[in-house]
Amino acid sequence: MSGTTLAQRASHEIEIKHSRFLALAGPVESPEAALAFVAEVGTVDATHNCWAYRIGGLYRSSDDGEPAGTAGRPILAAIDGQGFDQVVVVVTRWYGGIKLGAGGLVRAYGGCAAECLRTAPRRELVELVECTVAYGFADTGAVHATVAAHGAYKLDERFDAAGAHLRLCLPAEQLDALRIQLRDATRDRAIVTSPRG
């Protein structure tokens with residue numbers, strides 16, 4: 001996983017030939033979350049609530065009654081063009097009485113979405129991994145100090161007669177450094193296992 005997503009929700013509004021367009025964008029981590037966002041921000045009294053999302057290789061878009069390809073795809077193109085991932089954008093239109101034509105709709109929906117994303121605060125997407133650290137009770141202090149130094153957070157901790165088993169989540173780029181520091185801090189007594197080997 002790489003790239004950027006939104007740091008928070010964002011919006012942008014424009015008016016073109018008496019039609020009002022409102023783009024609302026938000027960070028999402030799953031298609032279900034994206035569709036829930038669409039349902040939440042879509043406006044019942046609007047003429048159209050068109051949308052698109054991109055979550056890694058997953059994407060979907062909807063023209064919501066506009067001519068095919070004039071709304072959803074331009075919104076998706078705006079997401080991709082701005083280099084975003086894990087983002088959903090809904091562009092709501094209130095019709096103002098003047099037809100825009102296919103080209104005008106593409107520019108309106110795509111432009112409103114692109115400007116919303118261009119001005120929105122971003123945050124880097126960080127790949128997270130899980131690992132388990134098994135250690136004896138004598139190494140508890142050293143293990144906890146090392147874990148804290150690597151931006152890891154505890155998912156689970158259990159104890160048995162031999163010691164403790166700590167399940168962690170941390171940035172993938174920190175995993176090797178965590179292994180090395182734990183090896184040194186516990187004289188190779190702490191054992192780190194992860195799905196990545």
Side-chain angles (χ1 to χ4, degrees), residues 1-130 151 153 155 169-174 195:
M1 181 189 320
S2 63
T4 58
T5 190
L6 291 168
Q8 62 195 41
R9 289 185 176 195
S11 65
H12 180 73
E13 190 170 341
I14 58 173
E15 187 173 308
I16 300 172
K17 294 184 178 175
H18 306 296
S19 280
R20 186 162 66 100
F21 293 85
L22 173 64
L24 294 166
V28 289
E29 294 183 2
S30 69
E32 295 77 20
L35 295 175
F37 180 91
V38 171
E40 175 195 336
V41 305
T43 306
V44 178
D45 71 342
T47 317
H48 304 280
N49 291 288
C50 305
W51 54 269
Y53 68 75
R54 158 79 62 199
I55 302 165
L58 303 174
Y59 60 91
R60 250 181 86 189
S61 64
S62 168
D63 295 315
D64 190 36
E66 291 283 28
T70 61
R73 280 200 297 248
I75 296 169
L76 182 61
I79 294 170
D80 293 343
Q82 296 287 330
F84 277 103
D85 192 5
Q86 297 188 4
V87 167
V88 59
V89 180
V90 177
V91 180
T92 299
R93 177 189 186 193
W94 290 268
Y95 181 61
I98 299 173
K99 291 187 180 292
L100 301 181
L105 290 172
V106 167
R107 287 188 295 277
Y109 282 102
C112 190
E115 188 62 15
C116 177
L117 294 172
R118 189 186 69 75
T119 59
R122 297 173 177 252
R123 72 175 169 82
E124 290 295 317
L125 286 168
V126 176
E127 181 183 359
L128 298 174
V129 293
E130 286 187 22
Y153 58 93
L155 298 172
C169 185
L170 73 158
E173 62 193 23
Q174 291 290 321

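These numbers come from a predicted model, not from an experiment. Hydrogens, waters and symmetry mates are skipped; everything else that's a heavy atom, side chains included, is used.
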Straight-line distance of Glu32 CD to Ile55 CD1, nearest 0.5 Å: 8.0 Å
Val38 and Arg60: CA distance, side-chain angles, deciding distance, side chain to side chain contact (heavy atoms under 4.5 Å, CB included) verdict: CA-CA 12 Å; Val38 171; Arg60 250 181 86 189; over 6 Å; no
Any donor-acceptor pair under 3.5 Å from Ser19 side chain to Gly96 backbone: yes
Atom pair CZ/SG of Phe21 and Cys116 - distance to nearest 0.5 Å: 14.5 Å
Rounded distance [0.5 Å steps], CG in Leu76 versus OH in Tyr109: 15.5 Å
Sole candidate of Arg122, Arg123, Gln86, Gln82 that passes side chain to side chain contact (heavy atoms under 4.5 Å, CB included) when paired with Thr4: Arg122
Under 3.5 Å donor-acceptor, His12 side chain and Cys112 backbone: no
Atom CZ of Arg107 with >12 non-hydrogen neighbours under 6.0 angstrom: no
Verdict with supporting geometry, Glu115 and Ile14, side chain to side chain contact (heavy atoms under 4.5 Å, CB included): CA-CA 10 Å; Glu115 188 62 15; Ile14 58 173; over 6 Å; no
Side chain to side chain, Thr70 and His48, heavy atoms closer than 4.5 Å: no
Heavy-atom pair of closest approach, residues Gly26 and Arg9: CA-CG, 4.2 Å
Short side-chain to backbone donor-acceptor contact, Arg73 and Ile75, under 3.5 Å: no
More than 12 heavy atoms from other groups under 6.0 Å of CD on Glu13: yes
Euclidean distance, Phe37 CZ relative to Leu24 CG, rounded to 0.5 Å: 5.5 Å
Side-chain donor or acceptor of Asn49 paired with backbone N/O of Thr92 under 3.5 Å: no
Heavy-atom pair of closest approach, residues Val91 and Ala113: CG2-CB, 4.1 Å
Check against side chain to side chain contact (heavy atoms under 4.5 Å, CB included), Trp94 and Thr43: CA-CA 10 Å; Trp94 290 268; Thr43 306; 3.9 Å; yes
Contact check, side chains of Glu66 and Cys50, non-hydrogen atoms, under 4.5 Å: yes
Nearest non-hydrogen partners of Leu58 and Pro31, listed with the distance: CD1-CG, 3.8 Å
Distance in Å, Leu117 CG paired with Leu6 CG, rounded so as to fall on 0.5 Å steps: 6.0 Å
Thr5 side chain vs Asp85 backbone, donor-acceptor pair below 3.5 Å: yes
Straight-line distance of Ile79 CD1 to Tyr59 OH, nearest 0.5 Å: 12.5 Å
Shortest non-hydrogen separation from His18 to Glu15 and the atoms involved: CA-OE2, 3.7 Å
Side-chain (Thr47) to main-chain (Tyr95) donor-acceptor, under 3.5 angstrom: yes
